[in-house]
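Note that the structure is a prediction, hence the values are computed from the model and not measured.
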Amino acid sequence: MTASTLTIATTAEELDQTAQAAHRAFLEIAAETPSTRAARLKAIASALRDNADELVALGQAETHLGEARLQGELKRSAFQLDLFAEEVLAGVPLDATVDHADPNWGMGPRPDIRRVNVPLGVVGVFGASNFPFAFSVMGGDSASALAAGCAVLHKIHSGHRQLALRTAEVVLEALRGIGAPEGLFAVVDGRAAAEALVDHPLVKAVGFTGSTAGGRALFNRACARPEPIPFYGELGSINPVFVLPSAWQNRAVEILTGYAASFTMGMGQFCTKPGLLFVPDTLAEENLRAALEPALAKAPLAELLTPGLRESFVRARDEVSALAGVRTLVPGSDDEVPAPTVLLVDAGAVTRNPEVLHREMFGPATVVIRYRHAAELPELAALLEGQLTATIHADAADDASGLLDVVTGIAGRVLWNGWPTGVTVSYAQQHGGPYPATTSRTTSVGTAAISRFTRPVAYQDVPDAALPPALQESNPWSIVRRVDGRFEVIRTGHREVGQ
């Protein structure tokens with residue numbers, strides 16, 4: 001099968017047909033066992049690995065990303081599917097909870113109540129420009145929706161269209177090979193399809209990774225529907241890094257070297273790129289520049305992902321450069337492969353006009369903010385909008401307690417003496433933060449991402465035989481459950497769950 005043979009829905013009418021097929025497939029798998037669902041996820045993971053060479057080559061041809069980066073993304077996508085399959089087998093996404101009838105319950109007799117998460121239905125997923133595997137056709141949103149038991153309609157990104165089409169074919173071949181119903185997964189293309197995807201009454205949730213402007217427009221559209229739906233949008237984040245005085249005194253060069261490597265990683269086209277660095281004003285500008293330039297000279301530079309992204313980056317960089325009090329510390333360039341730019345501003349100017357704290361530059365540019373006293377940092381942090389991450393660099397002599405309290409209120413992930421680029425897929429991961437970082441309080445990375453595409457249903461005094469298997473007394477699926485306030489212990493092939 002070649003990419004040209006894959007049918008792509010590009011009109012509202014075609015989108016409707018695809019959504020109808022997806023809904024039928026969703027209904028067909030409604031009663032499936034966790035083992036069936038897990039096997040489907042593992043089949044897709046195996047298919048991605050089996051076709052890795054072809055897919056990575058397509059990615060290299062269509063983007064400016066290197067082979068190692070693309071291989072890492074594909075490995076991550078396959079690993080994520082396998083990890084989600086383990087969660088499905090254990091029953092963790094179901095969150096099955098059983099409260100037996102209790103005539104002596106503290107607030108009066110309690111009926112038999114049992115709750116379980118059920119999948120939402122058809123989910124729309126928008127692919128990202130900067131991650132052609134990890135946040136694309138079978139990235140985190142698609143994988144977590146399938147793990148939840150939903151059908152998926154994926155809107156491909158034009159920045160890597162041929163790769164998206166071929167990846168979709170690989171996924172479809174894997175699904176057919178394991179007997180999945182037709183329509184459970186499909187891809188759509190084009191603006192008309194994107195709008196119809198958000199509007200369609202059979203679509204019950206949308207996952208999106210992209211620009212703040214585009215995401216907000218779709219978010220508003222999802223809320224304006226006759227039946228509003230959840231819109232899990234990842235829109236923008238500047239990811240501040242705060243360096244406290246003792247850490248700065250003891251390891252300023254080390255911190256600046258790590259900072260340079262982090263904000264230039266992937267040419268600054270990561271949603272977790274550190275866009276702001278708060279440091280004491282103890283180093284002269286020329287010393288700051290002298291410490292940064294050797295590290296920036298080692299940055300692996302490349303063209304930006306698309307001409308549109310490059311145009312947006314240059315415009316944003318120039319607009320931030322023109323803000324009051326902002327000056328250039330390390331000049332970049334307007335070359336086809338742009339050199340990194342480092343801007344500099346004093347905390348006083350930021351306090352008078354905090355706009356520099358709200359302007360994302362998606363590309364190799366960043367802002368250093370110099371402060372006089374550590375006591376200023378909580379107030380400066382409070383001027384920030386919602387973030388995916390916030391980082392603190394501190395040594396034993398530094399008191400970061402007040403700052404830590406503030407950044408906990410604005411960020412989804414708080415790092416200590418590290419760098420925010422690099423988001424591992426794990427059980428405790430949180431990739432999401434207050435608006436405008438995301439439009440929800442959930443995570444789009446890690447096993448908890450599955451819960452976005454489910455909703456809880458409680459059954460009261462329903463006969464055992466009529467209950468979903470996850471809630472039946474005998475626990476026929478052998479999943480982890482909370483029964484009368486205590487977790488049952490089960491053993492999966494990889495770990496023990498419960499206590």
Fill in: Trace of the side chain to side chain donor-acceptor pair (under 3.5 Å) decision for Ser35 with Thr33
CA-CA 5 Å; Ser35 59; Thr33 64; 2.9 Å; yes

Worksheet item: In chain order, what residues pass the ring pair (Phe, Tyr, Trp, His ring centres under 6.0 Å) check against Phe135, with sequence neighbours excluded?
Response: Phe131

Practice prompt. Please list, chain by chain and in numerical order, all residues satisfying side chain to side chain contact (heavy atoms under 4.5 Å, CB included) with Leu301, sequence neighbours excluded.
Written response: Met267, Ala299, Val337, Pro340

Worksheet item: Quick one: does Gln430's side chain have a donor or acceptor within less than 3.5 Å of a partner on Thr442's backbone?
Response: yes

Item to complete: Output every pair passing ring-ring contact (aromatic ring centres under 6.0 Å, His included) with a member in residues 432-453, not counting sequence neighbours, ordered by first then second residue.
Response: Tyr232-Phe453

Worksheet item: Looking at Glu169 and Arg176, does any basic side-chain N land under 4.0 Å from a carboxylate oxygen?
Response: no

Practice prompt. Keeping the roles fixed (side chain from Ser262, backbone from Gly258), state whether a donor-acceptor pair exists under 3.5 Å.
Written response: no

Worksheet item: Should Arg310 and Glu303 count as an ion pair when the cut-off is N to O under 4.0 Å?
Response: no

Discussion item. Applying salt bridge (charged side-chain N to carboxylate O under 4.0 Å, His left out) as the test, list every pair that has at least one member in residues 228-244; sequence neighbours left out.
Written reply: none

Worksheet item: Counting distance only, does the side-chain N/O of Thr389 pair as donor-acceptor with the main-chain N or O of Asn239 below 3.5 Å?
Response: no

Worksheet item: Counting distance only, does the side-chain N/O of Thr443 pair as donor-acceptor with the main-chain N or O of His431 below 3.5 Å?
Response: yes

Show which side-chain atoms of residues 402-413 pair as donor or acceptor with protein atoms under 3.5 Å away, not counting sequence neighbours.
from: Thr408; atom 1: OG1; to: Leu404; atom 2: O; distance (Å): 2.7
from: Arg413; atom 1: NH2; to: Pro420; atom 2: O; distance (Å): 3.0

Worksheet item: Is Arg24 salt-bridged to Glu182, cutoff N-O under 4.0 Å?
Response: no

Worksheet item: Can you list every pair that meets salt bridge (charged side-chain N to carboxylate O under 4.0 Å, His left out) and has a residue in residues 130-145, with sequence neighbours left out?
Response: Asp141-Arg452

Worksheet item: For Asn117, what residues pass the side chain to side chain donor-acceptor pair (under 3.5 Å) criterion, not counting sequence neighbours?
Response: none

Discussion item. I'd like to know if Asp189 and Arg161 make a salt bridge, using a cut-off of under 4.0 Å between side-chain N and carboxylate O.
Written reply: yes

Worksheet item: Can you check whether Leu304's main-chain N or O pairs, donor with acceptor, with His64's side chain at less than 3.5 Å?
Response: yes

Discussion item. I'd like to check the ring pair (Phe, Tyr, Trp, His ring centres under 6.0 Å) partners of Phe219; sequence neighbours left out, ordered by chain and number.
Written reply: Phe231

Worksheet item: salt bridge (charged side-chain N to carboxylate O under 4.0 Å, His left out): which pairs involve residues 122-133, sequence neighbours left out?
Response: none

Discussion item. Is there a side chain to side chain contact (heavy atoms under 4.5 Å, CB included) between Leu83 and Tyr427? Walk through the geometry before answering.
Written reply: CA-CA 9 Å; Leu83 184 67; Tyr427 308 106; 3.4 Å; yes

Item to complete: Would you confirm whether the ring centroid of Phe313 sits within less than 6.0 angstrom of the ring centroid of Phe362?
Response: no

Worksheet item: Quick check: does any side chain N or O of Thr454 sit under 3.5 Å from a backbone N or O of Ser451, one acting as donor and the other as acceptor?
Response: yes

Item to complete: Using the test side chain to side chain contact (heavy atoms under 4.5 Å, CB included), find all partners of Glu32 that sit at least two apart in sequence or belong to another chain.
Response: Ile29, Thr36, Arg37, Arg40

Worksheet item: Only one of Lys75, Arg76, Arg69 clears salt bridge (Lys or Arg N to Asp or Glu O under 4.0 Å) with Glu73; which?
Response: Arg69

Worksheet entry | Which residues share a side chain to side chain contact (heavy atoms under 4.5 Å, CB included) with Thr341, sequence neighbours left out | Arg317, Leu343, Ala365

Worksheet entry | Pairing residues for His200 by the ring pair (Phe, Tyr, Trp, His ring centres under 6.0 Å) criterion, not counting sequence neighbours | none

